[in-house]
Undergrad: 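Below are the structure tokens for one structure; questions will follow.
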Amino acid sequence: MIDLEREGEVFVLTMNDGENRWNTTFVRAFAEVLDEVEASEGPAALVTTSATEKFFSNGLDLEWRQTEGEHRGGDRDAFGPEFMALMGRIITLPVPSIAAVNGHAFGAGFMCALCHDIRFQRADRGFMCANEVEIGMVIPNPELALFRHKLPMNTFFETVQLARRWGGPDSLAAGIVQKIEPIETLREAAIARGAELARLGANRKVYGRMKEALYGENAAINQVHGPAYMLRHPEAFH
Amino acid sequence: MIDLEREGEVFVLTMNDGENRWNTTFVRAFAEVLDEVEASEGPAALVTTSATEKFFSNGLDLEWRQTEGEHRGGDRDAFGPEFMALMGRIITLPVPSIAAVNGHAFGAGFMCALCHDIRFQRADRGFMCANEVEIGMVIPNPELALFRHKLPMNTFFETVQLARRWGGPDSLAAGIVQKIEPIETLREAAIARGAELARLGANRKVYGRMKEALYGENAAINQVHGPAYMLRHPEAFH
Amino acid sequence: MIDLEREGEVFVLTMNDGENRWNTTFVRAFAEVLDEVEASEGPAALVTTSATEKFFSNGLDLEWRQTEGEHRGGDRDAFGPEFMALMGRIITLPVPSIAAVNGHAFGAGFMCALCHDIRFQRADRGFMCANEVEIGMVIPNPELALFRHKLPMNTFFETVQLARRWGGPDSLAAGIVQKIEPIETLREAAIARGAELARLGANRKVYGRMKEALYGENAAINQVHGPAYMLRHPEAFH
């Protein structure tokens, strides 16, 4: 379901479950693989991609959510908090992380891609989209905060309010992804970038603490006081 | 003064008062037309434009502000809070909204354009500008918050501190508008985009609640805690 | 060490100490020159540049920090708060300010450039970089707040977390600098821009109060309430 290989210093996590829709079984398999990445030492980076060319991850496992009883998707009640916690874990992963978005990334799949440090997107096909408003749902606040901390304000608004579908070139211009690549070279380009960044992962304490400062409790960047005040009172803002 | 037509599912609001300068009479006429838009049901979008080619809206009605006694501009004391409240209403309008900026949009006129979900600007002429600093005024905090929630940080700064005048192409590159068009096709392009987005307006409850989450009281995106913390504690951030 | 000339209404501050590394002596010399700028009256702008072509400012004076005893760098204990306070002063300088970045701007040198209102960067060579994570340091919160208030969110992340080295063209595309220039014309282009903006500096009270609203204590743009709420309650957000 979730495969893990290592190419030099780069861990390559391949979501390998068809459309890679999120259910509790999928969340737990993903988390287990992260355990292995985090247990490693030395320079390291993570590349996350999909085994299916058309889909990076197509969102929630709706069929599972809408049925009852035994299902390979697992415990339905556990899903919400466990999925959110996994996203919180990815966004603060103490090594550099790259999503190689090789096909559609919708809803939860888009969230997963955004929780990575960098995104490379297939150039010719596939969309990233937060389609909640399109299907009549309000986006939960933690997800809104995720989008708002990763994207320029204008891109953020089109993404969450207008449910815009972002193809590769538009996505690059809007600041959502850092590179677009032909599908043939996407995986290797992401791994090459991971290899360049792996040195930053060697010091996991610093790399992880920085992400906590950006995205964690009482985030440094969300204080009501502006930088001028903070610069004048550095002793109060360790 | 404020005309309203309907083209299919798109309401077209035309400001029709010369330079479209803001006074209490103008604010109330605008608000009445919004009542009509909001009273409608089903798919809908709003396009706001001006009858005067050179001006979308040229700011406050200074002549009215600086005189005393009877004036078609109406009650001077009521203006501040009523204008601000109208802007608060436009920015949370429960249907998609598009400003077709066909000429200059200065001060209050720029605010009005920014309160819309999307902006199309005339390509060849006309500027958008928050000229307060240029004329020796400090921008009020609610207006600052508006600019800061709509624009990328670098664009925000040039806009509010340096009073930069944004022509079409620069405005597009800076993320202020989403499209530029020749004047001949601007209105129809905005209406066509409104028609595409009108489906999102069908569910006004969801569409409006999303905007409240972005721009309202205790806005989801302004919490001091970052997304990692919120993702780990979703129960606390409904 | 820090030279000051005047060309028309533009003050030109030239850092003239080799690599322009920051120590207490350098901070105090810089502050003294700012006293002179602030004591002036009438239209004015500041251009900051370096006498050394290869370096705008190469960061902290590490040799000084890592030794003990007498040193031209001065009092080591005073440095932290005095440097931070100087940055807080530059970011709220009551006249327009332009950094003409003619070479590398690393760490503290990058902070100094970002505290200016506008940045022009040499087009062909030289990087701006916050290299803390690269060298195993967590960026202090006031510095994080500075970067976060000046840059679009995606640029911010690559800058602080990935220690990206920004050359001229990338820097321009990312919204870090407003213009790139050949080294031969950089200084004069910055001075010409300063001359254009000097009129805004004539009203120092307004120009400075705006920056306080953006970057100071309880900054207007960092309130938890969004603009819709603030627009509806302008009386509470003076």
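So you know, we letter chains A, B, ... as the sequences are listed, proteins then strands, and number each from 1.
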Undergrad: So which atom in A/Ala219 and which in B/Gly226 form the shortest heavy-atom distance, rounded to 0.1 Å?
TA: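 Between these two residues, the closest heavy atoms are CB-N, 3.9 Å.
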Undergrad: What part of A/Ile91 is in contact with chain B, defined as an atom under 4.5 angstrom from a non-hydrogen atom: side chain, backbone, both or neither?
TA: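 Just its side chain gets close to chain B.
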Undergrad: Checking side chain to side chain contact (heavy atoms under 4.5 Å, CB included) between A/Val138 and each of B/Lys205, B/Glu212, B/Arg209, which is the one that passes?
TA: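 Running side chain to side chain contact (heavy atoms under 4.5 Å, CB included) over B/Lys205, B/Glu212, B/Arg209 with A/Val138 returns exactly one hit, B/Arg209.
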Undergrad: Does any backbone or side-chain atom of B/Gln223 lie under 4.5 Å from a heavy atom of chain A? Answer side chain, backbone, both or neither.
TA: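 Just its backbone gets close to chain A.
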Undergrad: Provide the closest heavy-atom pair for B/Ala220 versus A/Leu144 in the form atom of the first, atom of the second, distance.
TA: CB-CD1, 3.9 Å
Undergrad: Using a cut-off of under 4.5 Å on heavy-atom pairs, state which of A/Leu214, A/Leu151, A/Leu162, A/Ile221 scores highest against chain B.
TA: A/Leu162
Undergrad: Do any N or O atoms from the side chain of A/Glu217 and from the backbone of B/Met230 form a donor-acceptor pair under 3.5 angstrom?
TA: no
Undergrad: If I compare all heavy atoms of B/Gly175 with all of A/Asn154, which pair ends up nearest, and what's the gap?
TA: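 Looks like CA-ND2, 3.2 Å.
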Undergrad: Which one of A/Lys211, A/Glu82, A/Gln161 has the most heavy-atom pairs closer than 4.5 Å to chain B?
TA: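 Going by pairs under 4.5 Å, I would pick A/Gln161.
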Undergrad: Take atom CZ in A/Arg125; do more than 12 heavy atoms of anything else shown fall under 6.0 Å from it?
TA: no
Undergrad: Nearest 0.5 angstrom please: B/Phe147 CZ to A/Met153 CE, how far?
TA: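 The CZ atom of B/Phe147 sits 14.0 Å away from the CE atom of A/Met153.
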Undergrad: Decide if atom CD of A/Glu41 counts as having more than 12 heavy atoms of other residues, nucleotides or ligands within a radius under 6.0 Å.
TA: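 Atom CD in A/Glu41 is not packed in, count stays at 12 or less.
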Undergrad: Given a strict heavy-atom distance threshold of 4.5 Å, which part of B/Arg148 is in contact with chain A: side chain, backbone, both, or neither?
TA: both
Undergrad: Under 4.5 Å, counting heavy-atom pairs only, tell me which of A/Glu158, A/Arg89, A/Met84 racks up the most with chain B.
TA: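 Max contact count across the listed options: A/Met84.
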Undergrad: Using heavy-atom distances under 4.5 Å, tell me whether B/Asp117 contacts chain A through its side chain, its backbone, both, or neither.
TA: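 Its backbone and side chain both get close to chain A.
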Undergrad: Determine the minimum heavy-atom distance between A/Pro142 and B/Pro227, stating which atoms define it.
TA: O-CB, 4.3 Å
Undergrad: Report yes or no: does B/His225 contribute a side-chain atom to a donor-acceptor pair with the main-chain N or O of A/Asn218 at less than 3.5 Å?
TA: yes
Undergrad: Flag the one option from A/Val224, A/Ile139, A/Leu86 with the top tally of heavy-atom pairs under 4.5 Å to chain B.
TA: A/Ile139
Undergrad: Quick one: what part of A/Phe156 sits under 4.5 Å from any heavy atom of chain B, side chain, backbone, both or neither?
TA: side chain
Undergrad: Heavy-atom cut-off 4.5 Å, strictly under: side chain, backbone, both or neither for A/Met137 against chain B?
TA: backbone
Undergrad: Which bit of A/Glu132 comes within less than 4.5 Å of chain B, counting heavy atoms only: side chain, backbone, both or neither?
TA: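 For A/Glu132, there is no contact with chain B at all, as no heavy atom is under 4.5 Å.
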Undergrad: Let's test your reading of the structure: which of A/Ile90, A/Thr155, A/Val160 forms the most heavy-atom pairs below 4.5 Å with chain B?
TA: A/Val160
Undergrad: Might you confirm whether atom CD of A/Glu68 has over 12 heavy atoms from other residues, nucleotides or ligands at distances under 6.0 Å?
TA: no
